[in-house]
Amino acid sequence: MAVSERHQNNSTAFFAKKEKAAQVKSRYSILKVPAGKIGLSLLLPVLLLLSWEAGSRLQLIDSHLLPAPTVVLITLWSMAADGSLWQHTGATLYRMFWGFIWGTLIAVILGSITGMSKKVELMVDPLIQAFRSIPSLAWVPLFILWLGIGEVSKVTLIAVGVFFPVYLNVTGGIQSVDRKLIEVGKAYGLSTFQLIRRIVLPASLPSFFTGLRSGLGLGWMFVVAAELMGASQGLGFLLVLGQNTVRPEVILASILLFAVLGKITDSILKKLQDKALHWQDRMENNEAA
Amino acid sequence: MSLTVENVSRSFSGDKAVDNVSFTAKKGEIIGLLGTSGCGKSTVLRAISGLDTGYEGTITVNGLKSRSVNKDLGIIFQEPRLMPWLTVLDNVCFGLEGDKKEKKTKALKLLQQVGLHGFEHYYPKQLSGGMAQRTAIARALVTEPETLLLDEPFSALDAFTKLQLQDMLLDLWNSYQPTMVIVTHDIDEALYLCDRIIILKGQPGSVHKNIEINKQKPRSKADPELTKLKGEILKALELEKKAASF
Ligand SMILES: Nc1ncnc2c1ncn2[C@@H]1O[C@H](COP(=O)(O)OP(=O)(O)O)[C@@H](O)[C@H]1O
Ligand SMILES: [Mg+2]
């Protein structure tokens with residue numbers, strides 16, 4: 001115990017010193033030197049991983065409950081070697097893809113109609129708000145009952161998760177388009193359709209992307225739920241498998257994969273967003289310029 | 001007559017904002033709508049533009065009675081109102097129709113005229129206030145509208161840019177002499193640019209004076225006649241201030 005305490009003290013002192021140095025430096029150069037930025041943000045995770053690994057090796061941590069990071073990596077490696085990694089990841093990505101597509105599609109169609117027409121909004125919106133207040137996981141038993149335990153019910157559940165943020169942002173984005181810009185279009189005698197295409201759509205694009213990204217986040221949450229409720233493959237299935245066979249390294253590997261996939265898909269969306277919205281006058285954009 | 005405004009009144013939910021305004025503009029004339037803020041200048045301009053159709057009275061543009069937006073009208077608002085997702089060039093092309101290449105040639109020519117040569121690929125977020133307003137002016141003029149409506153086009157700009165753009169506007173006017181209606185609360189601006197000044201006054205606003213200025217442009221700001229006129233206009237507007245404070 002004494003050993004570990006001293007180890008900890010040393011490491012915090014070391015950490016504090018390093019952080020201080022980084023802070024002083026960052027005040028002047030954090031915007032200009034990306035290397036320093038990356039180093040600063042990697043510092044904490046790397047330290048954590050190292051002490052975790054050390055803790056496991058020194059048997060300070062019960063490896064039956066929390067296996068070392070290297071063990072998790074080895075598990076991933078062997079899964080990649082026997083092909084099961086790709087099978088499970090593929091299954092999850094497949095469900096996620098279709099759930100995301102369907103959820104987004106329906107949200108965009110419904111959202112643009114309610115955003116455009118006050119009447120339709122009055123009719124449809126209360127209903128959608130009511131549905132929104134249902135915690136979406138409560139649908140699970142019903143979906144299984146209606147659609148069976150196969151792919152359809154899973155994709156549907158993910159689509160439900162993706163739907164709401166996209167819908168809300170599309171509607172909100174359209175409703176908050178600057179009336180003054182629309183007036184410019186009207187002054188040039190644009191038809192309603194032209195107004196939508198040339199002003200409303202581009203002006204509500206930022207809000208649409210915000211919706212897409214939070215929809216994607218919720219989609220990943222729901223894919224876990226969908227796969228926990230009885231699947232024979234997928235990363236969620238790996239979670240259940242790891243629990244039932246008491247192999248925490250499998251659970252951790254699955255969590256890690258979820259994190260990596262979530263991050264990758266979100267950064268793809270972010271790339272698209274930055275590309276499509278480079279004209280926006282935002283702090284972030286100006287910093288990059 | 002290129003533009004006739006006859007007995008135009010406008011109420012907003014029962015409250016009259018503009019009462020019985022009439023004036024006419026000859027072809028190529030520059031009309032100044034002058035008055036303190038809130039007296040209904042923008043309301044009159046919006047009625048002329050066709051963006052607001054809830055007025056009473058008659059407005060005739062080029063012999064046509066119209067209650068809708070008209071392609072022969074160009075509008076420049078107080079703010080540039082550029083589409084932030086379009087480049088300067090595409091913003092100027094916004095109201096143009098037809099062949100893409102032709103549109104580009106026209107827009108580039110106008111950008112040159114307003115002094116934005118070389119900035120055609122900038123986005124609105126990269127422009128200063130003056131550059132943005134120049135772009136808006138180019139956008140309104142590129143369609144060569146016979147009548148140009150301007151709602152306090154320079155009031156948000158600094159004094160120096162303002163003088164520059166006033167001269168630029170006169171240059172552009174010279175190129176094909178559109179009829180212009182400029183809303184302003186700046187007496188010097190009205191005296192410098194306009195062939196006729198219509199003073200709106202009161203709540204609801206009505207025409208208080210209709211002053212014709214027969215003077216060659218460009219004018220000297222120190223012209224004694226204009227200085228005398230300025231005194232008269234100030235007096236007219238000040239009277240209103242006294243009346244309002246009672
Ligand atoms: N859309 C509107 N709804 C209600 N009142 C309005 C509207 N537009 C203008 N008004 C009123 O009409 C009056 C004249 O406004 P405006 O024409 O904008 O004045 P100005 O342009 O001379 O400053 C003001 O009292 C204003 O409150
Ligand atoms: Mg006004």
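So that the names make sense, note that chain A is the first sequence line, chain B the second, and so on, each numbered from 1.
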**OP:** Would you mind telling me which of A:Ala187, A:Gly185, A:Gly189, A:Ala276 has the largest number of heavy-atom pairs within less than 4.5 Å of chain B?
**Re:** A:Ala187
Subject >> B:Asp167 side chain to B:Tyr192 side chain, donor-acceptor N/O pair below 3.5 angstrom >> reply: yes
Subject >> Contacting region of A:Ala203 [heavy-atom separation from chain B under 4.5 Å] >> reply: both
**OP:** Identify whether NZ of Lys or CZ of Arg in A:Arg198 sits under 6.0 Å from the centre of the six-membered ring of B:Phe94 and within 45° of that ring's axis.
**Re:** yes
Original post:
Given a strict heavy-atom distance threshold of 4.5 Å, which part of B:Leu82 is in contact with chain A: side chain, backbone, both, or neither?
Top reply: backbone
Subject >> A:Ile199, part contacting chain B, at a heavy-atom distance under 4.5 Å >> reply: both
**OP:** Ignoring hydrogens and angles, state whether a donor on the side chain of A:Gln129 or A:Arg132 is under 3.5 Å from an acceptor on the partner side chain.
**Re:** yes
**OP:** State plainly whether the residues A:Asp274 and A:Lys270 are in salt-bridge range, i.e. N to O under 4.0 Å.
**Re:** yes
Subject >> Distance in Å, A:Lys118 NZ paired with A:Leu122 CG, rounded so as to fall on 0.5 Å steps >> reply: 7.0 Å
**OP:** Name the region of B:Glu79, side chain, backbone, both or neither, that has any atom closer than 4.5 Å to a heavy atom of chain A.
**Re:** side chain
